[in-house]
Amino acid sequence: MIFRIKRLPGFFWKILRIIIQTTSGDILMNKKIVIIGAGPGGYAAAVRAAQSGAEVTIIENDTIGGTCLNRGCIPSKIMQTTAALLDKFQRAEEFGIDADSKARLNIQRLMERKSKIIQTQISGLHSTLQHHNIRYISGTGCIRHNGVVIATPQQSEASEIPYDKLILAVGSSPSEIPGFPFDGEHILSSNHALDLRELPESLLIIGGGVIGCEFAFIMSAFGVKVTIVEALSGILPLPSVDDDCSKVLLREMKKSKINVLVNRSADSYETKNGKIHVTLTPSVFAKNLSERDKKPVIIEVDKILVCVGRKPDIAGMGLENISVKTDEKGWVIADENMETHAENVYAIGDILGPAKIMLAHVASTEGIISAENAMGGSRVMNYQVVPNAIFTMPEVANAGLTETQAKAQGFDVCSGKVLFRTLGKAHVIGEIAGEAKIVSDAASGKILGVHIVGPHATDLIAEATLAIQMGCSVKELAQTIHAHPTLAEIMMEASFEAMGGARNLR
Ligand code: NAI
């Protein structure tokens, strides 16, 4: 093929070259693409690059599937599923079931189920790579210089892997805080908490962000006495989470007997007779504290789980051998095409840090875009409409802007809010806590954001994401027939509310 192309007259060759440069590389056979990291970002990039005709090598120093499959989304959702089931079992009588004995957790069986599900997914991913003729190297990848990566497999000699394009997808790991180094015994990271062999009687969770709140509900449902300490003034203090959702979740935490301490930081700890005594002091962010709140408190727990964010896993990768730039916190800098400062090098996923949204589905999208661009495309990553799914109990989910963000962008905002308790289906399933809010532009009715806290919020957000992506108005959503009785009706009802309750659809 290449031989024949070279023999074409100059004009045809010129045209063909333009086609090659603009067709995302379908004709560019044998371009060598190396990907370091086989999480949801890396394997999505590998498959897309292979589909486009590249010769793809993917290097992974742990297990295929990355944080999401092995130490994040999937294992935590397996635990959350059991926690929700246990919760329902404990309410068996309410559902008309006489349970003979009290339901309780068998953590060994739960861990076995977790391993089995992960193993099935791992096998599936390996089959997918094989199907696409992607070379998988189990080992550590390190950049030697422009165009060459060294792969060091666990059991054999290192080898040089040349690349035309390189995609960095090595992810992140849990951050520590001073004075609380992870030891897997007293001080746990989320990795340790997903692999527990026995439950502590009591647990202090440091950090009321996404991971801290998910674990608080899971552990509490398992019968652990949970305290959660957050340095800011509320839980889930993320810009994308609506204040009302955060307040509803705080109320539900209290109902679940989770002890929530805000405006406080964990300062230090000591162990006495097998128990941990933790000193909590007012946080540096706390404002207008009462005299009582200014005093340190000491709480006694069995274990501490630290969930204060994540750090990039870039040590030893050889980034210094090419000109990839990082910010002051070590997150890799990439542009909207996923290109780094180094020529022919792309970066995707968690290593880009919280500013680019550290979620598996964001990483996969970035992976596909980086692969298409590496093959000659020019796709741009859009972070405007990303669904956010938080698996607390009840769940929290959002897409688009909060009211505060929309106002800050100059919109005249019109919001509509509906409580789950107004839906028949919520009563049927016995989960009536929570609400859905639609934030819209008063002038056009265009949906700007949707914020849900309640049952199946993480599934319900799909409709909202599509509505925002398609530029849908509240009237269009309200006019869409929703099946009855379903939880999805809340989207229709919230749309009516955002129209000022206009059932005649003016
Ligand atoms: P995070 O950044 O969401 O929350 C950490 C919290 O810890 C913050 O609210 C912070 O104010 C607080 N904090 C920090 N230092 C503290 C201290 N010394 N004492 C008390 N509080 C302190 O980080 P998290 O929860 O570890 O999650 C990491 C990343 O993983 C996030 O970007 C998150 O979006 C992502 N993730 C998303 C999931 C989902 O969408 N379902 C699930 C798991 C992780």
Side-chain angles (χ1 to χ4, degrees), residues 77 80-81 83-85 87-97 217 241-242 244-245 247-249 251-252 255 361 385 387-403 413-442 444-506:
K77 266 78 266 180
Q80 190 246 14
T81 301
L85 204 54
D87 206 44
K88 273 265 161 70
F89 263 117
Q90 273 148 8
R91 294 167 55 196
E93 268 182 36
E94 185 190 325
F95 288 85
I97 300 167
F217 282 99
V241 174
D242 178 82
D244 287 346
C245 288
K247 282 178 195 150
V248 170
L249 198 69
R251 191 185 68 209
E252 293 306 310
K255 275 195 213 161
H361 43 282
V385 192
N388 202 354
I390 305 173
F391 295 80
T392 41
M393 293 154 64
E395 296 176 347
V396 176
N398 58 65
L401 303 176
T402 60
E403 276 180 295
V413 170
C414 182
S415 294
K417 188 162 93 172
V418 171
L419 302 179
F420 273 95
R421 62 176 61 246
T422 61
L423 299 183
K425 183 64 184 284
H427 287 272
V428 169
I429 65 169
E431 294 182 52
I432 57 170
E435 61 188 44
K437 183 195 279 185
I438 294 189
V439 178
S440 66
D441 171 29
S444 64
K446 199 172 157 188
I447 300 170
L448 303 172
V450 176
H451 302 269
I452 311 175
V453 52
H456 299 278
T458 60
D459 292 313
L460 296 174
I461 204 65
E463 181 183 4
T465 311
L466 183 64
I468 300 170
Q469 179 84 20
M470 303 303 286
C472 190
S473 70
V474 280
K475 184 175 175 181
E476 286 166 323
L477 190 48
Q479 283 179 334
T480 304
I481 299 174
H482 286 68
H484 177 75
T486 63
L487 295 173
E489 288 173 281
I490 200 144
M491 288 294 296
M492 185 177 69
E493 296 299 338
S495 301
F496 279 122
E497 284 304 312
M499 291 172 66
R503 289 226 162 234
N504 58 359
L505 298 173
R506 283 184 297 269

Which atom pair, heavy atoms only, marks the closest approach of [X] to [Y]?
X: Thr392; Y: Gln80; value: O-NE2, 3.5 Å
X: His451; Y: Gly400; value: CE1-O, 4.5 Å
X: Val474; Y: Ser440; value: CG1-CB, 3.9 Å
X: Glu403; Y: Asp242; value: OE1-OD1, 4.2 Å
X: Ala399; Y: Pro387; value: CB-CA, 4.3 Å
X: Leu477; Y: Met492; value: O-CG, 4.4 Å

Minimum side-chain heavy-atom gap Phe420-Ile452 below 4.5 Å: yes
Ile390 vs Val241 side-chain heavy atoms within contact, under 4.5 Å: yes
From [X] [atom1] over to [Y] [atom2], what is the distance, rounded to the nearest 0.5 angstrom?
X: Cys414; Y: Lys446; atom1: SG; atom2: NZ; result: 15.5 Å
X: Met470; Y: Ile447; atom1: CE; atom2: CD1; result: 12.0 Å
X: Asp244; Y: Lys417; atom1: CG; atom2: NZ; result: 4.0 Å
X: Met393; Y: Glu431; atom1: CE; atom2: CD; result: 8.5 Å
X: Leu419; Y: Ile432; atom1: CG; atom2: CD1; result: 10.0 Å
X: Glu252; Y: Leu249; atom1: CD; atom2: CG; result: 7.5 Å

Donor-acceptor contact present, side-chain Gln479 to main-chain Glu476, <3.5 Å: no
Gly430 backbone acceptor or donor facing Arg91 side chain under 3.5 Å: yes
Derivation and outcome, side-chain contact (heavy atoms from CB on, under 4.5 Å), residues Val418 and Glu489: CA-CA 10 Å; Val418 171; Glu489 288 173 281; over 6 Å; no
Please tabulate, for side-chain N and O atoms in residues 453-468, each donor-acceptor pair with protein atoms closer than 3.5 Å (sequence neighbours left out).
from: Thr458; atom 1: OG1; to: Glu395; atom 2: OE1; distance (Å): 2.7
from: Glu463; atom 1: OE1; to: His482; atom 2: NE2; distance (Å): 3.3
from: Glu463; atom 1: OE2; to: His482; atom 2: NE2; distance (Å): 2.6
from: Thr465; atom 1: OG1; to: Ile461; atom 2: O; distance (Å): 2.7

Candidate pair Val439 and Leu401, rule side-chain contact (heavy atoms from CB on, under 4.5 Å), full reasoning: CA-CA 7 Å; Val439 178; Leu401 303 176; 5.6 Å; no
Please say whether more than 12 non-hydrogen atoms of neighbouring residues, nucleotides or ligands are located less than 6.0 Å from [atom1] in [X].
X: Glu94; atom1: CD; answer: yes
X: Arg421; atom1: CZ; answer: no
X: Phe95; atom1: CZ; answer: yes

